[in-house]
Number of protein chains: 2
Amino acid sequence: MKRTTIKDVAKKLNVSVSTVSRAFNNKYDIKEETKELIIKTAKELGYRPNPIARKLIQQRSYNIGIIVPEFVNSYFPDVIMEAQKVLIDKGYQVLIMQSNDSSETELKNLETLLDNMVDGLIVSLIREDDNIEKYKELLDDKMPIVFFNRVADKLDACKVVFDDFKWAFFATEHLILQGYEDIVYLSGPKHMRLSLNRIMGFEKAHRKHRRDVGKIIPCGFSMEEGAKAARQMIENNQVPRAIFAANDHCAIGAMRVFKEYGYNIPKDVAIVGFTESRLAEHIHPTLTTVEQPTKDIGITAANLLIEQLENKGMFVPQTIVLNGRLNVRESSVTH
Amino acid sequence: MKRTTIKDVAKKLNVSVSTVSRAFNNKYDIKEETKELIIKTAKELGYRPNPIARKLIQQRSYNIGIIVPEFVNSYFPDVIMEAQKVLIDKGYQVLIMQSNDSSETELKNLETLLDNMVDGLIVSLIREDDNIEKYKELLDDKMPIVFFNRVADKLDACKVVFDDFKWAFFATEHLILQGYEDIVYLSGPKHMRLSLNRIMGFEKAHRKHRRDVGKIIPCGFSMEEGAKAARQMIENNQVPRAIFAANDHCAIGAMRVFKEYGYNIPKDVAIVGFTESRLAEHIHPTLTTVEQPTKDIGITAANLLIEQLENKGMFVPQTIVLNGRLNVRESSVTH
DNA sequence: CTGTTAGCGCATTCAT
DNA sequence: ATGAATGCGCTAACAG
């Protein structure tokens with residue numbers, strides 16, 4: 001069963017292939033009448049333009065690569081699915097790769113995507129310093145790239161970021177306003193800009209309310225790391241009144257340990273997470289957390305990329321900062 | 001910065017393009033010496049064969065489509081990532097689509113993928129009866145398809161499935177052996193083969209141990225549904241001694257409600273989930289659950305597809321049944 | 001408004 | 001063992 005080609009349609013109607021082509025790319029002059037006839041006949045014959053041939057002649061792959069660190073948290077799948085919707089609508093094909101939290105894998109992914117001739121990239125970096133030369137090269141070659149979530153200051157490119165500073169500030173202030181004196185911040189890796197921004201928000205909230213800034217403990221984004229941090233606090237007899245965690249998984253890991261040791265959440269220890277996860281509403285107590293606009297992030301990144309793709313060359317890199325929401329739940333509220 | 005083409009390499013070495021082509025597809029006679037020289041020079045020039053041109057001439061897209069119902073549970077991302085690894089290794093490009101639990105979306109995804117001329121498909125169905133005609137058509141046209149997880153009996157195709165019967169049996173038997181008398185099964189949707197298989201396993205375990213088969217309550221795969229079912233049992237004063245749930249989310253939803261109402265897990269109600277999730281180890285109490293071999297599923301599906309791709313035509317559809325593991329944890333063990 | 005022509009980059013058949 | 005020629009399906013420049 002051979003695929004119907006443009007020739008079959010042309011032959012059938014005794015027109016030239018270019019006329020058929022015009023009908024399908026309605027940008028050249030073509031009589032409305034013939035155009036409709038062609039479209040109609042094409043449909044009857046089951047003709048669909050061969051995207052591969054089109055790509056070859058147009059010298060564009062219509063492939064977009066997306067690279068993310070992991071798929072463990074729902075954050076990245078959520079962002080990706082939204083971005084994909086937008087891109088597919090515009091006729092792009094989306095290739096998704098995850099780097100498994102390894103910069104080497106990230107580089108390999110990058111190369112796989114380049115081999116597949118992607119026209120553009122949407123990337124969340126593993127580490128802001130690794131592979132940076134490679135990205136610079138690509139950027140210099142005018143490869144459209146939009147970074148999001150984990151971005152590198154050193155890269156002059158389009159970025160879609162969350163206002164980590166502001167929302168860390170709000171989350172911290174929320175804890176302060178609830179009357180918690182002694183707040184510990186379980187911070188994400190310090191090599192990430194977003195960790196630093198959140199730390200700054202954490203500090204600012206303290207300053208605003210004239211408190212001493214609470215302890216900042218480097219942690220990570222996994223339940224294990226959250227649990228480990230909690231265990232350490234307990235062992236060291238340094239359990240604070242409240243904890244603000246790098247993300248929900250980390251918060252939940254810590255929460256679990258505290259509960260195991262008989263601490264009541266939030267009476268003994270209040271907890272706030274970050275980046276609303278699917279679990280936040282479902283654990284006990286339900287978790288107060290900052291919700292990131294995953295949909296918006298995906299859509300915005302995709303749109304920025306499309307803009308670049310369409311105005312290749314004359315395009316000014318811009319950074320778009322998105323807003324979030326604090327979902328206050330049981331884990332941080334004592335009545 | 002134009003991409004180096006096969007011509008550039010040929011010109012540089014004063015050989016013909018066909019010789020270069022041969023060097024890169026080492027299947028024709030070519031002197032080892034010239035071949036090496038060509039490969040070496042090609043690398044120097046930064047030449048990489050244009051996959052699009054290759055696809056056009058070979059009449060293959062090297063695109064593989066993967067369609068899954070959702071990305072909420074970690075199950076599908078896990079399977080996909082493994083399948084993708086295998087496929088990319090073989091030079092395929094993977095297009096991932098999720099159906100959002102809607103058969104219409106599934107159909108749209110299917111068409112998007114077909115537009116992109118996928119050479120093959122890996123699919124987990126939304127409903128076993130929907131879109132079945134479409135799949136039959138594709139299968140009749142010799143489109144290589146591998147179904148997994150949610151498959152349709154009516155489709156004569158390659159399938160990779162989990163032994164739901166056996167592992168539901170083991171899970172149930174585990175509860176029986178722990179001494180729980182009265183076991184309720186929160187079943188997944190009855191239109192799914194896998195739900196029925198699990199029910200059969202549930203029943204068989206009861207028969208083997210000469211018990212009356214416990215109640216089977218149709219539920220679903222979400223936390224909400226699990227919670228709802230639990231609430232209903234409590235209201236109706238029909239709380240069983242043990243619950244076997246359709247999946248971990250469902251189990252956790254139910255667990256939460258029971259805990260809220262002061263039930264102790266596992267003393268008052270024991271709970272077993274299905275399809276090991278990231279949460280199982282991290283909630284309290286930790287959840288006993290059946291682990292599915294997600295990696296194997298992904299790898300097997302990919303390999304089956306590759307086999308079909310390579311032996312197109314003379315290929316006998318086969319069903320591969322994979323084994324799992326019961327991870328016994330606190331939620332089902334009373335000491 | 002439409003047809004003719006060329007060619008995107010490559011694999012492959014047919015010569016040699 | 002290698003080169004020349006052909007064409008995959010399509011778009012676009014050029015003619016008319």
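Just so it is clear: chains get the letters A, B, ... in the order the sequence lines come, proteins before strands, and each one is counted from 1.
- At a threshold of 4.0 angstrom between heavy atoms, the contacts of B:Val20 with the nucleic acid are absent.
- In this structure, A:Phe147 has its ring center under 6.0 Å from that of A:Tyr135.
- Look at B:Gln59 and you won't find any side-chain N or O under 4.0 angstrom from OP1 or OP2 of C:dA11.
- Contact check, B:Lys35 against D:dA1: no side-chain N or O comes under 4.0 Å of OP1 or OP2.
- B:Asn14 comes within contact range of the sugar-phosphate backbone alone, with a heavy-atom separation under 4.0 Å but no base atom that close.
- Ion pairing between a basic and an acidic side chain is recognised when a charged N comes within 4.0 Å of a carboxylate O; A:Lys108 and A:Glu104 show no such pairing.
- Residues B:Lys31 and B:Gln58 both approach DNA chain D. Their nearest nucleotides, taken by heavy-atom distance, put B:Lys31 toward the 5′ side.
- One can place CD1 of A:Ile52 at 14 Å from P of C:dA11, the figure rounded to the nearest angstrom.
- The base of D:dA12 has none of its N or O atoms less than 3.5 Å from a complementary donor or acceptor on the side chain of A:Ser21.
- Backbone-only engagement by B:Thr5 is indicated by non-hydrogen atom pairs under 4.0 Å involving sugar-phosphate atoms exclusively.
- Between A:Lys7 and D:dC8 there is a side-chain polar atom (N or O) within less than 4.0 angstrom of OP1 or OP2.
- Ranking D:dG9, D:dA1, C:dG9 by closeness to the B:Ile6 side chain, first place goes to C:dG9.
- Nearest nucleotide to the side chain of A:Ala53, out of C:dG3, C:dG7, D:dC10: D:dC10.
- Checked against D:dT11, D:dG7, D:dT2, the side chain of B:Ile57 finds its nearest nucleotide in D:dG7.
- If you check every strand for non-hydrogen atoms under 4.0 Å, B:Tyr47 touches sugar and phosphate atoms only.
- Note on A:Thr19: a side-chain N or O is less than 4.0 Å away from OP1 or OP2 of C:dG3.
- OP1 or OP2 of D:dT11 sits under 4.0 Å from a side-chain N or O of A:Asn25.
- At C:dT4, none of the side-chain N or O atoms of A:Ser16 fall inside 4.0 Å of OP1 or OP2 (strictly under the cut-off).
- Contact annotation: B:Arg54 reaches the phosphate of C:dA11 (side-chain N/O to OP1 or OP2, under 4.0 Å).
- Annotation: A:Phe71 is not in aromatic contact with A:Phe76 [ring centroid separation under 6.0 Å not met].
- Checked against a 6.0 Å centroid threshold, the rings of B:Phe24 and B:Tyr47 count as neighbours.
- Within the 4.0 Å cut-off from OP1 or OP2 of D:dT2, at least one side-chain nitrogen or oxygen of B:Thr34 is found.
- Side-chain atoms of B:Glu70 and B:Asn73 include a donor-acceptor pair closer than 3.5 Å.
- Among the nucleotides C:dG9, C:dT2, D:dC10, the one closest to the side chain of A:Arg22 is C:dT2.
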